[in-house]
Amino acid sequence: MFLRFVDEVIRVLGDYGDERFLRESEHADLASTIAFKLAKERKKSPKEIADEIVESLEVDSDYIGSVESKNGYINFFASYEFLEDTVNVILDEDENYGHLNLKGEILIEHTSANPDGPLHIGHIRNSIIGDTLARIFAKAGFNVRTHYYVNDMGRQTAITVLGIEKFGLKGKKPDHAVAEAYIEANKLLESNPELEEYVEKLMLDYERGDEEAVEKFRRAVETALDGIRQTLKAINVEHDEFVWESEFIRNGYVDRVLKALDEKGLIKRDGAWIIELEDFEKEVVIRRENGTTLYITRDLAYHMWKNENYERFINVLGADHKLYGAQLSRILELINLKPPEIVFFEFVSLPEGSMSTRRGKFISADELIGKVKEEAWKIISGREMDEGEKRKIANAVAVGAIRFDFIKIAPEKHMTFDWSKALDFERQTASYIQYSHARACSILRKAVEDGMPELEFKGELCSSGERKLVMLLSKMPYMVKRVVEELRPNVFAEYLLGVAGAFNDFYRDHPVLKAEAEIRMHRLAIVDATRIVLRNGLELLGIEPLERM
RNA sequence: GGACCCGUAGCCUAGCAGGAUAGGGCGUGGGCCUCCUAAGCCCAAGGUCGCGGGUUCGAAUCCCGCCGGGUCCGCCA
């Protein structure tokens with residue numbers, strides 16, 4: 001709805017309707033700073049120009065209530081009709097509210113952690129960003145598929161195979177068992193360097209498609225993925241497909257990419273096959289001297305496939321892949337393929353330094369999930385509620401806390417993991433939003449008990465607090481649009497927190513159930529609209545909207 | 001050596017196609033349950049927006065240089 005308001009403002013401004021100079025503002029519903037930009041060329045003060053523009057405007061929009069010129073700003077205020085339509089649209093669209101009518105096929109690749117052990121708290125930052133983007137893109141109207149790209153051809157998989165052969169899989173959660181074998185195998189390799197040759201042979205056999213090797217690799221990788229899937233499921237993340245790197249060797253795409261590069265005369269043969277890129281210090285090797293391919297070769301093939309099947313494809317990658325991503329993109333462009341859109345996120349480190357699966361130095365996602373659930377249980381266990389429901393609430397609060405903690409931070413911010421913060425549910429977190437939602441539900445439940453009226457929101461009954469809340473509610477589709485355009489899901493988390501805050505302010509100052517009939521009806525409409533926005537919003541963040549807590 | 005990211009109160013963070021008094025939260029001190037869920041709300045203290053230049057009527061935001069932290073520069077993935 002807010003998007004419609006913006007459109008109206010642009011239309012009414014006519015020649016001055018430049019979107020670049022429109023700002024959300026605490027002083028207005030929308031403000032234009034165009035007068036400041038024109039001040040110099042017109043040799044007048046911004047204030048004079050703003051006055052003149054406002055004077056000349058023909059405000060023929062039902063959604064614009066008033067326009068003022070103040071301190072050089074042109075301030076637009078929404079009309080009662082806009083507020084009324086906003087609430088009505090929300091109540092009417094209900095679970096669809098927030099949608100945009102965008103169309104297209106989108107692929108989002110995320111997580112894609114090496115299958116050599118459990119996911120750690122760095123990996124799930126990737127998963128949570130990717131999954132949240134997928135949810136928001138789907139809300140925007142796109143047809144979204146999610147992929148987990150499985151690195152089954154790496155040296156680390158070969159080492160894992162070695163580990164499983166030498167030490168077996170101890171009966172824990174499968175991904176943790178794989179990690180143990182992998183860590184042991186790494187130690188073994190350090191003390192017995194002659195085993196390198198065997199690892200090398202495993203890799204060669206696997207790339208050749210040797211049956212026995214394929215069987216061994218498949219078992220190791222599937223075991224790890226089995227555990228990884230369980231972890232992801234626990235935080236409400238599911239992939240549509242797991243795409244194995246090796247597929248692209250077997251299905252001919254690797255050969256096709258190499259051929260395309262060769263036809264463009266881009267390959268320098270010097271034993272190995274090499275591509276030289278302008279602006280990059282180092283050349284890129286795409287085929288080893290021994291004839292085998294490298295990670296980037298298969299990834300190029302994967303992206304050729306993506307080009308053929310999707311309009312937009314987005315990868316979520318750790319910032320350590322920035323150079324890699326730039327090289328990949330450049331090479332794709334050289335053979336006239338579209339590069340992926342990449343969302344980079346900075347590392348999650350421990351207070352004592354960075355994590356490493358190989359050295360067994362990491363906090364697993366499973367450990368985090370377990371501890372946060374315990375903490376949530378401590379808070380709720382004493383309440384008088386059905387045991388099963390308490391479990392369900394503790395679980396939803398814990399998963400919400402984890403997802404929200406990761407998603408609310410801008411991707412480019414480095415994070416240092418801190419247990420005391422991870423286990424703290426006080427405010428600024430999912431539970432705050434879930435709680436606001438539960439409060440709204442509670443009011444509505446009670447209203448139903450003593451007779452729910454036909455809901456009707458009335459603009460002229462609006463207090464400034466109510467107005468502020470409804471304006472925020474109108475922005476949900478606008479926020480979906482921003483995330484789709486900017487690929488920064490944290491702005492949506494920030495938004496939802498704002499809605500919850502505005503609702504809590506409303507809750508404090510506006511009795512609903514005890515208000516006289518007309519106001520009661522009007523406020524119930526606001527509560528219901530807020531409930532819908534909070535519920536839809538939480539779902540976009542992959543967090544369960546609780547009705548009681 | 002080269003490249004990228006980050007640097008906002010004790011701690012975490014928003015704002016960064018320049019614009020109206022830099023928003024929140026944690027923590028600290030004080031207050032609010034005869035009233036719709038206190039996982040909430042209110043008040044207070046706390047800021048050289050890393051430092052130094054520059055551009056501009058105007059800079060947390062743009063440019064240059066430093067400093068601090070992180071990351072990357074494999075015939076690894």
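This structure is a prediction, so every number in the text was calculated from the model and none was measured.
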Subject >> Candidate nucleotides B:G1, B:C75, B:A14, ranked by approach to the side chain of A:Glu289 - the nearest >> reply: B:C75

Subject >> Complementary nucleotide of B:G47, counting Watson-Crick and G-U pairs under 3.5 Å >> reply: none

Original post:
Any donor-acceptor pair under 3.5 Å between the side chain of A:Ser25 and the base of B:A20?
Top reply: yes

Original post:
Between B:C73, B:C57, B:A39, which one does the side chain of A:Lys40 approach most closely?
Top reply: B:C57

**OP:** Considering only atom C1', compute the distance from B:A17 to B:C63 and round it to an integer number of Å.
**Re:** 16 Å

Original post:
Can you tell me how far P of B:C36 sits from NE2 of A:His522, to the nearest Å?
Top reply: 20 Å

**OP:** Assess whether one donor atom and one acceptor atom, taken from the side chain of A:Arg383 and the base of B:A39, lie less than 3.5 Å apart.
**Re:** yes

Original post:
Taking the inter-plane angle between the rings of A:His321 and A:Tyr324 on a 0 to 90° scale, is it parallel (under 30°), tilted (30 to 60°) or perpendicular (over 60°)?
Top reply: perpendicular

Subject >> Pairwise C1' distance for B:A9 and B:G47, with rounding to whole Å >> reply: 5 Å

Original post:
Does a side-chain N or O from A:Lys322 land closer than 4.0 Å to OP1 or OP2 of B:U71, or not?
Top reply: no

**OP:** Tell me which nucleotide among B:U71, B:A14, B:A77 gets nearest to the side chain of A:Ser354.
**Re:** B:U71

Original post:
Using a cut-off of 4.0 Å on non-hydrogen atoms, how would the nucleic acid contact of A:Asn71 be classed: base, sugar-phosphate, or nothing?
Top reply: base

**OP:** Rounded to whole angstrom, note down the C1' distance from B:G46 over to B:A22.
**Re:** 14 Å

**OP:** Verify the contact: side-chain N or O of A:Arg288 to OP1 or OP2 of B:A77, cut-off strictly under 4.0 Å; return yes or no.
**Re:** yes

Subject >> B:G53 and B:C72, which share atom name P, separated by this distance in whole Å >> reply: 35 Å

Original post:
Touch check for A:His510, heavy atoms < 4.0 angstrom, all strands: base, sugar-phosphate only, or nothing?
Top reply: base

**OP:** Between B:C36, B:C72, B:C73, spot the one nearest the side chain of A:Lys446, thanks.
**Re:** B:C36

Original post:
Considering only side-chain heavy atoms of A:Arg439, which listed nucleotide, B:C73, B:A38, B:A17, is closest?
Top reply: B:A38

Subject >> Contact under 4.0 Å: A:Arg287 side-chain N or O vs B:C75 OP1/OP2 >> reply: no

Original post:
Taking the six-membered ring for Trp, is the centroid-to-centroid distance between A:Phe457 and A:His522 below 6.0 Å?
Top reply: yes

**OP:** Calculate the interatomic distance between A:Lys37 atom NZ and B:G58 atom C1'; express it in whole Å.
**Re:** 10 Å

Original post:
Among the nucleotides B:C36, B:C35, B:C5, which one has an atom lying closest to any side-chain atom of A:Lys514?
Top reply: B:C35

Original post:
So what does A:Glu547 hit on the nucleic acid, given a heavy-atom distance under 4.0 Å: a base, only sugar-phosphate, or nothing?
Top reply: base

Original post:
Under 30°, 30 to 60°, or over 60°: which ring-plane class applies to A:Phe503 and A:Tyr507, parallel, tilted or perpendicular?
Top reply: tilted

Original post:
Think A:Arg488 has a side-chain N or O under 4.0 angstrom from the OP1 or OP2 of B:A14?
Top reply: no

**OP:** Considering only atom C1', compute the distance from B:C62 to B:C26 and round it to an integer number of Å.
**Re:** 33 Å

Original post:
To the nearest angstrom, how far is A:Leu496 atom CG from B:G24 atom P?
Top reply: 19 Å

Subject >> Whole-angstrom distance between B:C6 and B:U61, as gauged at atom P >> reply: 13 Å

**OP:** When you get a sec, tell me which of B:C41, B:C76, B:C4 is the closest nucleotide to the side chain of A:Arg155?
**Re:** B:C76

Original post:
Can you tell me how far C1' of B:G1 sits from CG of A:Leu323, to the nearest Å?
Top reply: 15 Å

Original post:
So what does A:His27 hit on the nucleic acid, given a heavy-atom distance under 4.0 Å: a base, only sugar-phosphate, or nothing?
Top reply: base

Subject >> Spacing of the C1' atoms in B:G27 and B:A45 (rounded, Å) >> reply: 13 Å

Original post:
Should B:C33 be called syn or anti, with syn set as within 90° of 0?
Top reply: syn

Original post:
Base, sugar-phosphate, or nothing for A:Lys421, non-hydrogen atoms under 4.0 angstrom?
Top reply: sugar-phosphate

Original post:
Rounded to the nearest 0.5 Å, how far does CZ of A:Arg359 lie from OG1 of A:Thr357?
Top reply: 10.0 Å

Original post:
How long is the line joining CD of A:Glu283 and P of B:G74, in whole Å?
Top reply: 10 Å

**OP:** Would you mind telling me which residue lines up with the more 5' stretch of RNA chain B, A:Val491 or A:Ile296, judged by nearest nucleotide?
**Re:** A:Val491

Original post:
Toward the 5' end of RNA chain B, which comes first, A:Ile443 or A:Asn504, by nearest nucleotide?
Top reply: A:Ile443

**OP:** Look at the side-chain N and O atoms of A:Tyr432 and state whether any lies under 4.0 Å from the OP1 or OP2 oxygen of B:C41.
**Re:** yes

**OP:** Give one of base, sugar-phosphate or nothing for A:Glu245, where a contact means two heavy atoms less than 4.0 Å apart.
**Re:** sugar-phosphate

**OP:** Starting at atom CD of A:Glu516, determine the distance to atom C1' of B:C35, rounded to an integer number of angstrom.
**Re:** 18 Å

**OP:** For A:Ala410, answer base if it contacts any base atom (sugar-phosphate contacts may also be present), sugar-phosphate if it contacts only those atoms, and nothing otherwise; contact means non-hydrogen atoms under 4.0 Å.
**Re:** sugar-phosphate

Subject >> Polar contact flag, side-chain donor to acceptor under 3.5 angstrom, A:Gln434-A:Ser431 >> reply: no

**OP:** Using a heavy-atom cut-off of under 4.0 Å over every strand shown, decide if A:Ile393 touches base, sugar-phosphate, or nothing.
**Re:** base

Original post:
Mind telling me whether B:A17 is syn or anti, cutoff 90° either side of 0?
Top reply: syn

Subject >> Separation of atom CD in A:Glu48 from atom P in B:C57, rounded to whole Å >> reply: 17 Å

Original post:
Would you say the base of B:A20 and the side-chain of A:Asn75 have a donor-acceptor pair closer than 3.5 Å?
Top reply: yes

Original post:
Under the 3.5 angstrom rule, does the side chain of A:Arg23 hit a backbone N or O of A:Arg20 as a donor-acceptor pair?
Top reply: yes

**OP:** Check every atom of B:A77, B:C73, B:A39 against the side chain of A:Glu281 and return the nucleotide holding the closest atom.
**Re:** B:C73

Subject >> Check: A:Tyr302 ring centroid to A:Tyr149 ring centroid under 6.0 Å >> reply: yes

Original post:
How close or far is atom P of B:C41 from atom OH of A:Tyr507, stated in whole angstroms?
Top reply: 11 Å

Original post:
Under 4.0 Å between a side-chain N/O of A:Arg523 and OP1 or OP2 of B:C36, yes or no?
Top reply: no

**OP:** Kindly indicate whether the side chain of A:Thr132, heavy atoms from C-beta on, has any atom under 4.5 Å from the side chain of A:Phe492.
**Re:** no

**OP:** Starting from the C-alpha separation in whole Å, work towards a yes-or-no answer on side chain to side chain contact (heavy atoms under 4.5 Å, CB included) for A:Trp377 and A:Lys390.
**Re:** CA-CA 8 Å; A:Trp377 178 249; A:Lys390 282 197 286 192; 3.6 Å; yes

Original post:
A:Met203 side chain: which of B:A77, B:C36, B:U21 is closest?
Top reply: B:A77

Original post:
So what does A:Leu513 touch, heavy atoms closer than 4.0 Å: a base, only the sugar-phosphate, or nothing?
Top reply: base

Subject >> Out of B:C26, B:U71, B:C73, whichever nucleotide has its closest atom nearest the side chain of A:Asp424 >> reply: B:C26

Subject >> Nearest-angstrom distance, P atom, B:U48 to B:G23 >> reply: 15 Å

**OP:** With heavy atoms under 4.0 Å as the rule, sort A:Ile274 into base, sugar-phosphate or nothing.
**Re:** nothing

Original post:
Do the rings of A:Phe217 and A:Tyr206 sit parallel, tilted or perpendicular, given the 30° and 60° boundaries?
Top reply: parallel

**OP:** Report yes if at least one side-chain N or O of A:Lys413 is closer than 4.0 Å to OP1 or OP2 of B:A14; otherwise report no.
**Re:** yes

